[in-house]
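The structure under discussion appears below in the form of structure tokens.
Just so you know, these numbers come straight off a predicted model, no measurement behind them. For the numbers below, each heavy atom of this structure counts, side chains included, while hydrogens, waters and symmetry mates do not.
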Amino acid sequence: MTPLQKRAWLGLGVGVGMSLAIAAVFIARGVTSFDDDLVLRAIAYVLCVGGLLVYAVTLRIKRRKPGRSEVLIDERDKEIVRRATMVQLWAVLLSLFIWAIALTEAYWSQKSIPIVFVYLIAISGLIVSILAQAVGILIGYRRMR
Amino acid sequence: MPKAEISNRIRRLRFDNGEMTQEELAYRVGCTRQTIIAVEAGKYVPSLSLAFQIAKAFGVPLEAVFQYEE
């Protein structure tokens with residue numbers, strides 16, 4: 001397994017973990033209580049920033065084995081990442097449009113949306129981005145094997 | 001436009017060069033063994049630079065390794 005594949009599996013784990021965590025938090029404390037619930041807001045901040053930091057750490061990849069000249073990342077890996085980044089971009093764009101349409105339709109009569117959705121959009125964007133890149137990389141390796 | 005296929009003779013050339021392993025070839029051209037496997041199987045078309053390096057590793061011209069077929 002290449003370092004990129006390992007990163008993709010880690011990304012998949014982080015993405016699924018964050019999805020479950022955020023779902024559990026909002027199910028336990030309720031979405032509507034966000035405006036008055038300081039603990040829920042703190043948890044949302046931690047998940048948002050923490051998830052971003054964990055993902056940033058996974059982006060660091062060694063290109064050669066320490067002390068050896070063996071190559072770990074080459075042009076095929078870079079091509080797979082390039083294609084996965086396109087998958088990531090389209091997935092994030094799609095998720096943003098889905099949020100926009102869904103919230104517009106749901107809150108059309110009120111002419112405003114609850115502030116909690118700003119965090120949900122940000123967190124879901126991060127999760128979709130992580131998952132889409134991971135899936136894109138894994139599919140890329142499957143096709144170019 | 002007809003679909004073009006790029007075939008290669010890497011497996012044959014490895015055999016002719018003292019049964020060179022995929023790992024050894026990868027080391028010589030500076031890529032991973034997985035990439036050599038993918039190129040050999042026709043799943044990945046290498047860059048011009050890598051293609052030349054592979055040909056150089058076998059000491060043959062590029063067209064002796066890769067063939068362009070329409």
N/O donor to acceptor pairs below 3.5 angstrom from side-chain atoms of residues 119-128 of chain A, sequence neighbours left out:
from: A:Ser124; atom 1: OG; to: A:Trp99; atom 2: NE1; distance (Å): 2.6
from: A:Ser124; atom 1: OG; to: A:Leu120; atom 2: O; distance (Å): 3.1
from: A:Ser124; atom 1: OG; to: A:Ile121; atom 2: O; distance (Å): 3.1

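A:Val46 and A:Met18 sit in two unconnected hydrophobic clusters of ILVMFWY residues. Membership requires side-chain heavy atoms under 4.5 Å apart, directly or through other members. Following chains of ILVMFWY side-chain contacts shorter than 4.5 Å, one can reach B:Ile36 starting from B:Ile6, so the two form part of one hydrophobic cluster. A:Ile130 and A:Leu93 fall into different hydrophobic clusters, where Ile, Leu, Val, Met, Phe, Trp and Tyr are joined by side-chain heavy atoms under 4.5 Å apart, directly or via other members. Both A:Ile115 and A:Leu47 are part of a single hydrophobic cluster, where members link through side-chain heavy atoms under 4.5 Å apart. Cluster membership for A:Leu20 and A:Ile43, using ILVMFWY side-chain heavy atoms within less than 4.5 angstrom, is shared.
The salt bridge (charged side-chain N to carboxylate O under 4.0 Å, His left out) search around B:Arg28 returns B:Glu24, not counting sequence neighbours.
For a heavy-atom cut-off of 4.5 Å, chain A lies close to B:Ala38, B:Lys43, B:Tyr44, B:Pro46, B:Ser47, B:Leu50 in residues 37-51 of chain B. Contacts of residues 7-22 of chain B with chain A at a heavy-atom distance below 4.5 Å are absent; not one residue qualifies.
In this structure, the separation between CZ on A:Arg76 and SG on B:Cys31 is 9.0 Å, given to the nearest 0.5 Å. Note: B:Thr35 OG1 to A:Ile80 CD1 = 7.5 Å, rounded to the nearest 0.5 Å. Within the model, atoms CD of B:Gln34 and CG of A:Asp77 stand 8.0 Å from one another, a figure rounded to the nearest 0.5 Å.
Residues B:Thr32 and A:Thr2 are not in side-chain contact: their nearest non-hydrogen atoms beyond the backbone lie 4.5 Å or more apart.
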